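Structure, as structure tokens:
Quick caveat, the model's predicted, so the values are computed rather than measured. The sequence lines fix the lettering, A, B, ..., with proteins before strands; numbering per chain opens at 1.
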Amino acid sequence: EEPQSAPAATSTAGQQVVQSPSGTAAGPTCTLTQFGGTKFDLKTATVGFSQSEKEANPFRIAETKSIKDEAAKLGITNLKVTNAQSQFSKQITDVQQLIAQGVRLLVIAPLNSDGWEPVLQQAAAKKIPIITVDRKINAKACSDYLTFIGSDFYEQGKRAADRMIDALASKGKVAILLGAPGNNVTTERTNGFKDRIKEKAPGITISFEQTGEFAREKGQQVTEQLIQSNPDINGIYAENDEMALGAVTALKGAGKEAGDIKIVSVDGTRSAVQGIADGWLHAVIESNPRFGPLAFETAQKFLDGQPIPDKVIISDRDYDTGNAKDSLGEAY
Amino acid sequence: MAELTQQRAGRVAVLKPRVFAWVQDYGVYAAVLALLLFNVLFTPHFLDASNFRTQLVQVTPIVIVSLGMALVIGTQGIDLSVGSVMALAAAVVVLYLGYGWLPALVVAVLGGAVAGAVGGALVAYVGVQPIVATLALLVGVRGLANVLVPQLVEFRNPGLIALGSSSVGGIPVIVLIAAALTLIVLFVVRRTTFGRQVVAIGGNRQASELSGLPVKRVLLTVYVISGLLAALAGVLATARLQASDPTSLGMFIELSAITAVVVGGTPLTGGRIRVLSTVMGALLMQLLAATLIKHNLPQSWTQMVQAVIILAAVYATRERGTR
Amino acid sequence: MNREQASRVLQQHGALMVLGVLVIVGSLAFDSFAKPENAASVVVSSSFLAIIAIGMTFVIISGGIDLSVGSLFVLGGVLAAYGSQYGALVALLLPLAVCGVVGLLQGLVIARTGMAPFIVTLAGLLGVRGLMLAISDEGATTYLVKDRAFATLGQGEVLGLSYPVHVTIALALVAMVLLQRTGFGQNVYAIGGNEQAAALMGVPVRRTKVYVYVMSALLAGLAGALNAARLSSGVTILGIGLELDAIAAVVIGGTLLTGGAGGITGTVAGVLLLGVIQSLINQVGSLTSAFQQVVSGVFLALVVVAQRLLSKAQRLT
Amino acid sequence: MEAADAGPAGPAGPEPVLEAKGITKAFPGVLALDDVSLALRPGEVHALVGENGAGKSTLIKVFTGVYQPDGGELRYRGGPAAFGTPLDAQRAGISTIYQEVNLVPMMSIARNLLLGREPRGRFGVIDAAAMYGEAGRVLAGYGVETDVRRPLRTLGVGAQQMVALARAVSVDARVVIMDEPTSSLEPREVETLFGVIRRLRDTGIAVLYVSHRLDELYQVCDRVSVLRDGRLAHTGPLAGLERLKLISLMLGRDLTEVRAEGLTRFSRAHTRLNGEPVVEARGLTRRHVLEGVNVSVRPGEVVGLGGLLGAGRTETAKAIVGALPLDGGQVLVAGRPLRGGSTTAAIRAGVSLLPEDRKAEGIIPTLSVRENIALAALPSLGRAGVVSDTKVDRVVEIFMRRLRIKAASPHQLVSELSGGNQQKVLLARWLAVRPKVLLLDEPTRGIDVGAKAEVQALIDELAGEGLGVLLISSDLEELVEGADRILVLREGAVIGELSGDEVTEERIMATIAEQADG
Ligand SMILES: Nc1ncnc2c1ncn2[C@@H]1O[C@H](COP(=O)(O)OP(=O)(O)OP(=O)(O)O)[C@@H](O)[C@H]1O
Ligand SMILES: Nc1ncnc2c1ncn2[C@@H]1O[C@H](COP(=O)(O)OP(=O)(O)OP(=O)(O)O)[C@@H](O)[C@H]1O
Ligand SMILES: [Mg+2]
Ligand SMILES: [Mg+2]
């Protein structure tokens, strides 16, 4: 059987778009001299990329692939990739060992925002610029690290809430399938969603929130329990697509029809966009993982002496019934 | 007179341990009943038939894995690799789905047997301690599963989907499979030479060797069976999910399975296997998880309550042992 | 140590030999492997696991097992970070106190009821993680280490190695003396070797067991606190599966899981072995995550097989 | 010698130091002790005898705090006493050698000997050098000369027993309890032990001595108490009590009946058999352990293996059944070579071994009597791998009756049986596979007189039926009476063969001594 969700990151379709284009941003910026580094040639330098989770879900696969592809495209031959297998301690060690291997530029997809002290110290001592992608590091831009490229998870939660409010016409009962506990992404997507609901639609109650640990099977199991004990639920907010798709399987198994319960989720994987087309999902907020081009472009600009903003927020799309079919090719 | 009280004292002393032994033997059943009662009283819609179906369907993989685990624990071993073997089976089954779901299932289960055989060979022939041998497999086999199928793959094979979602007489097929496997394992443990040899080896390996039991072969077989069952559980879970997810399928299931076995009163020191109680142990843990989810407790509370219930259940069924 | 003793130590420790071989091969294969910087990163990152594994060694020699250490490690870190707002002393003592109490409870339950340590500490694993989530708002709050003095404990360096490494070395030395040269150590071996006999020989079985679990919990809490100092924050997503790493390190180090035999040197070698394997995989730097796992699984299997064969060969002569 | 004067004390002896009054102790299904009273006086050696399962070990465990009595009172040094743990009893001055060697096999000999009393150096840390020195000195006094740094498990059972003995005696004790201390000792070592016991008695220590070897009792004991089925059957001075009378008290049968049956049950004359050997071992060699041992057993023949502790008798037996990896040599069964290293193959060919160490190598403690008996014969007790319960029940019933195994039911856990009955269960396990050759390593160790005679009669009977038997026994009398032919071993090599009229205790001892001198 053909895999139904092969990544399509090689095409330029679905390329990241910067929300606040570099240079024109109002926020603080950073130049090579401010940072205190020296110019070097990206092509011949050793570059390190530290991935946080296994390349096993579409997001991580697309992310790593995008970095590797872009490096290959630019002729960077010495790219070292490590994978922390979701263990934070390992990621710290990984990056330290990358530094020991003499990398001149670090691209990090952090597993966690806090706890980077030892790495930052070492990198700063050697003046190695760090670009963090998809999650932030809580530290000082331009001295501890160079810049952050990624989405705004809190904003994603808010936008998901907007979609849910639309779908339920501002009233009803909603369940949340939380991500893994303790994860920044979980926290921010939850807070954004809840804050927005409270602010805009007090008629919607959040009557259930349980973790599905970002996994499809767990999403299915929790949803099965949920619709047994809360048959009156109107909407499900899943903090990633996998859990949403698990919820869909559960609803199908329980004899529900597409659209009976409105599901909104975040990520924008191909299966989820297909789910919208099939009518099972209501909307998906995109979180774009293709960081390669933007990351290396930013690095090159920095090395060329141009000012770099302290954060580069990309603009994520929404998928809904209106655009799902046409956007299928751009989903990852 | 003195003689009489003396006798009575003797009789009471003889009787007391019996009561204790009864609690030890049937404690899990009582705990399951208590939890059922709680839910009937306090959980809305608990008595729906579909609810029972949900609980049974969800517990199926753990039950099947626990059956193999019980055999391994009976030999004083432990098998940490079961979750990864499930993942491997999930990967293999979609790779071979092109040849039809049944051949794919057979290949996947064989793959599980091979993984089990590697662990069993390390334990039986090289003499590596079970926990490390299977720990190496836990790491490596999941990696292998991910190499084979790097990310979740959805499939539309009607046969496999039907395996996961159809019912016979209102009872889901996978539940029937688990029930049948339970009976088979029960028969093997109680009535076959192999079953007796398994517990004898767990009870005293040296003595078993001197008694001419094929110790190494039995050990190998036990791990192969555990691998087989885990793989089957992996295929069934995959069929139910309608997608193969080698990354997260079966994560930490080894701990659930071990808990089910021990809560059921099988000592980790080996030499004894209680099959039905193991199934009850799995049911207890499933009901507990369902109860906590249905009552929407936060994760922190869920874990703390689980800890307490596990302790209480094992306390009731405890057997003096070192591990 | 004279040459004869040295050769005996090598002979008794398969793990140490495998470690030596790996280090040599790694240095020849990769230029940057033997660089002091890389070696330091292996040693520093191993030190936390080593502290936990030292406690685990006592537990396993006594015939038990402690699955709660991963959870205690993360709880210790969160408590230390939380406590650091009241000063370095609180930051250090709070996690030790709480983890010590958890260890005490586990030890008492195991010693008094005869319940299997595997299960009691599995419950500990769940319960302690639940507790950690409860005090960190389901993991959403990361306390930052405010106290500079406490942060220095994790980040300061002497002789090119950070403090946690020195702490680990000191603890390992103390643990060796404790195990080999005190009545407590002898009791631990005796209980693990034959609990019934130990009781008949007058060993205070229960008390010794309680001590062992308290020790393991304290060390896990300490490792968590030091780690929090190093990271300057009480990260909540740490420690999952850490207990398995610790057990693997101890067993690779030649300690019998059935109890009664083993030692600290082996454990330290086992911890370093795990660190070196990771480092070698990173040196290659182009394996996908899935292949990395396959490689570490195979490595682990090879190491235990090699260690097993070496110790077998040694026993025959 | 003042204490010795009070030695064979009558009822008017000194105040008891340790006393049981009306002790009752029940286990599920059995009343192990029923209203037992017993008084131990300082400076006496008090024998405690009874059949297997009579309750001797249980009484001892009540004395030492292992078990709490269900009824009755313990008195120690004039006041009521209740020991919660063996440690309490030990601290109070009651030191014990238990029936099963209870030491820690993986720890070194020295650490076992001195556990809890290690010599301390600076900072209260154990002084290893002093510890090894002291351990070596102490053990030398008991005839054990060995590297005390080695793990205890490298010692033979007998030597382990000496370590346990040395350990128990070297603490400051007022009462020393010995549960079958000689069952795995050589005559030479038994003498050493008796010397120790007499020395203890002379210093006013009370000794409670349990043994099934009646001659020993007459050598060292002053008084005797007899337990029968958990009740006290007799207590009084030993001198003047006829041996047969003592046996009749233990068995609860008529004196005349016992007298009629006689004492040993070996009845066959020593014969020379000339048939083809059913099993033949050639040049068994293993470095440091065995050096070219040749043994052969013919059908219907009982071949004895003699020698001192550590002579390699156990190793020879293990090598024959393939339980010991060999550097050289071959085993032939009925002329066909046996695959080495596989006990399964040996058993299938009809060669079985009753191992020496019952606890470690014999019983499966988690299984019932029934399952323990059926274990080795399982493949033949069913079809297609499915066990036939009726067949098992029949076999189990036959052997429980034939060997008079005392158990509450076949479903009782074997670990709950008395030592002697466990031994019978193991014998039953081996007889159930119908071997052609049975290797018996200390088959009557720890078995009471009645059972011992039964086992001996059984050996006779089996040999009569054409079974070949290899008999290893430290009891020279048993060896001489039972064996048709005796091979004497020393340091892993056969140093002499005695047959026909040569089979006497004197000749065995002489053979060993001769070689030692030469
Ligand atoms: N832990 C136990 N559980 C159940 N029954 C027991 C237990 N210990 C002993 N018994 C029973 O109590 C009775 C007395 O056993 P005990 O060991 O005291 O006999 P003994 O006189 O020492 O015999 P032997 O000479 O064979 O050593 C036996 O019937 C035995 O089966
Ligand atoms: N008195 C002793 N001192 C030191 N070591 C001993 C002593 N007795 C036995 N050993 C050790 O125990 C080992 C095994 O002895 P083992 O008991 O198997 O021999 P055996 O001939 O079968 O004697 P038995 O069956 O009477 O115990 C010997 O090789 C020897 O190293
Ligand atoms: Mg006894
Ligand atoms: Mg012997």
Taking C:M201's backbone N and O only, do any of them form a donor-acceptor pair with D:R167's side chain (distance below 3.5 Å, no angle check)? yes
Looking at D:M131, D:Q90, D:K61, which makes the most heavy-atom pairs under 4.5 Å with chain C? D:Q90
D:V104 versus C:Y189, closest heavy-atom pair with distance: CG1-O, 4.2 Å
Does C:Q180, at its CD atom, have more than 12 non-hydrogen atoms belonging to other residues, nucleotides or ligands within less than 6.0 Å? yes
Shortest non-hydrogen contact between C:A197 and D:L103, atoms and distance: CB-O, 3.5 Å
Could you state the interatomic distance from CZ (C:R206) to OG1 (D:T85), rounded to the nearest 0.5 Å? 9.0 Å
Contact between C:Q186 and D:L114 at the side-chain level, heavy atoms closer than 4.5 Å - yes or no? no
side-chain contact (heavy atoms from CB on, under 4.5 Å), that's the test. Do C:N187 and D:L115 meet it? Break it down for me. CA-CA 8 Å; C:N187 293 344; D:L115 183 69; 4.1 Å; yes
D:R174 CZ: over 12 foreign heavy atoms closer than 6.0 Å: no
Quick one: what part of D:R117 sits under 4.5 Å from any heavy atom of chain C, side chain, backbone, both or neither? neither
Pairs of heavy atoms under 4.5 Å with chain C: top-ranked of D:E118, D:R91, D:R111: D:R111
Rounded to the nearest 0.5 angstrom, the CG-CE distance for C:N194 and D:M107 is 11.0 Å
Nearest heavy-atom contact between D:I126 and C:G183 is CD1-N, 4.0 Å
Identify the two heavy atoms, one from D:M106 and one from C:G259, that lie closest to each other, and give their separation to 0.1 Å. CE-O, 3.1 Å
Okay, D:V66 and chain C: the region with an atom under 4.5 Å from a heavy atom over there is side chain
By a 4.5 Å heavy-atom criterion (distance strictly below it), what part of D:N112 contacts chain C: side chain, backbone, both, or neither? both
